[in-house]
Protein chains: 2
Amino acid sequence: MKCLSYADFFSNFANKTRLNIIMALKEKPLSVTEIGNHIKEEQSKVSHNLKKLSACHIIIAEQKGKNRIYSLNKETVMPILQLIEEHIKNNCKKCDKHETKKHIP
Amino acid sequence: MKCLSYADFFSNFANKTRLNIIMALKEKPLSVTEIGNHIKEEQSKVSHNLKKLSACHIIIAEQKGKNRIYSLNKETVMPILQLIEEHIKNNCKKCDKHETKKHIP
DNA sequence: AAGTCATATGAATACTTATTCATATGAAAT
DNA sequence: ATTTCATATGAATAAGTATTCATATGACTT
């Protein structure tokens, strides 16, 4: 499978389904069906998206009987989410403050 | 303009043109035409992409005469790039090591 | 105010990516 | 070896994004 590029990597966070999967796995590792139930999406859709996530090592799989348990690569993912969380906090404040003045994007 | 969401935010890093713009601005602030020359892309394409970047406060604009000088929000961007850089370093090593064994994505 | 250079914008089209559906593979149990 | 449950995959279609082109706006100069 194709290896990492910046764009491939970030596209995982730029997609709502995959973002939902990531959020679901923040709490604890889950099987494919469990993820599907959790985020209310169909099995094959989940599978396709899991594939992209694991291609970038954002999640890793472990076979457990019939099930595949996916878990989040927290070491990478948590700091990223934290950074953007903070960025949004900082910059949306600014946004609101300046909304009336002449638009400079 | 629409405010920040995780997906919107990350889509800026998931796109090659915008990533190129970011990389160009890492060194120093540039005008639209300068960016265009730097990354070898047409003016309007650059403009459209600058718009998305600034909507998420990844870059900010400052009017200077006829020109608009765009500069990178380094406080947010640099740590993100550093994180993923490291992630790629760590995980592509693993990749190569395990390439021969049975595929678990 | 007319002209010029710089940038932005809207709408049509082209391109890429995601989803779906049908089906295949895989692991365990009987 | 056949069945069952769990997951993956391929190919067609749908949906979403990006690019382009023509044109508008904006800032300055004369």
Side-chain angles (χ1 to χ4, degrees), chain A residues 1-2 4-22 24-25 29-56 58-71 101-105, chain B residues 1-2 4-22 24-25 29-56 58-71 101-105:
Chain A
M1 160 142 317
K2 191 153 104 33
L4 281 171
S5 80
Y6 276 46
D8 285 342
F9 180 83
F10 284 113
S11 87
N12 288 300
F13 294 86
N15 174 283
K16 227 175 168 203
T17 308
R18 295 203 281 287
L19 216 38
N20 285 337
I21 295 176
I22 290 172
L25 293 178
L30 297 171
S31 74
V32 179
T33 347
E34 286 172 327
I35 295 171
N37 294 337
H38 203 293
I39 69 173
K40 261 131 196 77
E41 300 279 9
E42 185 239 337
Q43 183 268 317
S44 110
K45 181 171 173 177
V46 173
S47 258
H48 279 296
N49 281 291
L50 287 172
K51 192 176 183 176
K52 300 203 170 181
L53 286 163
S54 30
C56 293
I58 288 166
I59 60 178
I60 57 161
E62 183 196 4
Q63 193 77 31
K64 212 162 192 180
K66 287 187 206 169
N67 300 318
R68 234 159 213 233
I69 308 299
Y70 283 91
S71 54
K101 81 169 220 188
K102 191 187 166 208
H103 173 70
I104 292 182
Chain B
M1 160 143 315
K2 192 152 104 31
L4 280 171
S5 81
Y6 276 46
D8 286 341
F9 180 83
F10 284 113
S11 87
N12 288 300
F13 295 86
N15 173 283
K16 225 172 168 205
T17 305
R18 295 203 281 287
L19 217 38
N20 285 338
I21 295 178
I22 290 172
L25 294 177
L30 296 170
S31 74
V32 179
T33 346
E34 286 173 328
I35 295 170
N37 294 337
H38 202 293
I39 70 173
K40 261 133 197 76
E41 300 279 9
E42 185 239 337
Q43 182 269 317
S44 111
K45 181 170 173 179
V46 172
S47 258
H48 278 296
N49 281 291
L50 287 172
K51 191 176 185 178
K52 301 203 170 181
L53 285 164
S54 28
C56 293
I58 288 166
I59 60 178
I60 57 162
E62 184 197 4
Q63 193 76 33
K64 213 162 190 180
K66 289 187 207 168
N67 301 317
R68 233 159 216 236
I69 307 298
Y70 283 91
S71 55
K101 81 169 220 188
K102 190 186 167 208
H103 174 70
I104 293 183

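Numbers restart at 1 for each chain; the letters A, B, ... are given by sequence-line order, proteins then strands.
- When each of D:dA18, C:dT20, C:dG10 is scored by its nearest atom to the side-chain atoms of B:Ser44, the top-ranked nucleotide is C:dG10.
- Checking side-chain atoms of A:Ser11 against main-chain N and O of A:Asp8 turns up a donor-acceptor pair under 3.5 Å.
- For B:Tyr70 and C:dA6, the shortest distance from a side-chain N or O to OP1 or OP2 is not below 4.0 Å.
- A:Arg68 places its CZ atom 9 Å from the P atom of C:dA27, with the value rounded to the nearest Å.
- In this structure, the side chain of A:Asn67 does not engage the main chain of A:Ile69 through any donor-acceptor pair within 3.5 Å.
- As a whole-Å value, the separation of B:Phe9 CZ from D:dT17 P is 17 Å.
- Proximity note for A:Gln43 (side chain, C-beta onward) versus C:dA8, D:dA8, C:dA18: the nearest is D:dA8.
- Rounded to an integer number of Å, the gap from NZ of B:Lys64 to C1' of C:dA6 is 16 Å.
- For D:dA18, the OP1/OP2 oxygens have no side-chain nitrogen or oxygen of B:Lys16 closer than 4.0 Å.
- Across the protein-nucleic acid pair, B:Asn15 atom CG and D:dT17 atom P stand 11 Å apart, rounded to whole Å.
- Residue A:Thr17 has a polar side-chain atom (N or O) positioned under 4.0 Å from OP1 or OP2 of C:dT19.
- When distances are taken from the side chain of A:Glu42 to each of D:dT20, D:dA8, C:dT20, the shortest belongs to C:dT20.
- Of all the heavy atoms in B:His38 and B:Ala24, the pair that sits closest is ND1-CB, 3.9 Å.
- Side-chain atoms of B:Gln63 come within 3.5 Å of backbone N or O of B:Gly65 as a donor-acceptor pair.
- Atom CD1 in A:Ile35 sits roughly 14 Å away from atom C1' in D:dA8 (whole-Å rounding).
- Residue order along DNA chain D, read from the 5' end via each residue's closest nucleotide, puts A:Lys45 first among A:Ala14 and A:Lys45.
- One interatomic measurement links the two molecules: CZ of A:Phe10 to C1' of C:dT16, which rounds to 20 Å at whole-angstrom precision.
- By the 30° and 60° cut-offs, the orientation of the rings of B:Phe10 relative to A:Phe10 is parallel.
- Put simply, the side chain of B:Gln63 and the base of D:dA27 share no donor and acceptor less than 3.5 Å apart.
- Residue-level contact check: B:Ser11 touches neither bases nor backbone, having no heavy atom under 4.0 Å from any strand.
- In this structure, A:Asn67 atom CG and C:dA29 atom C1' are separated by 14 Å, rounded to whole Å.
- Residue B:Lys66 places its side chain closer to D:dA27 than to any other of D:dA6, D:dA27, C:dG10.
- If you take NZ of A:Lys51 and C1' of C:dA18, they are 14 Å apart, rounded to a whole angstrom.
- When each of A:Gly65 and B:Glu34 is assigned the nucleotide of DNA chain C bearing its nearest heavy atom, the one mapping closer to the 5' terminus is B:Glu34.
- Stacking is found between B:His48 and the pyrimidine-like six-membered ring of the C:dT9 base under the 5.5 Å centre-distance and 30° plane-angle cut-offs.
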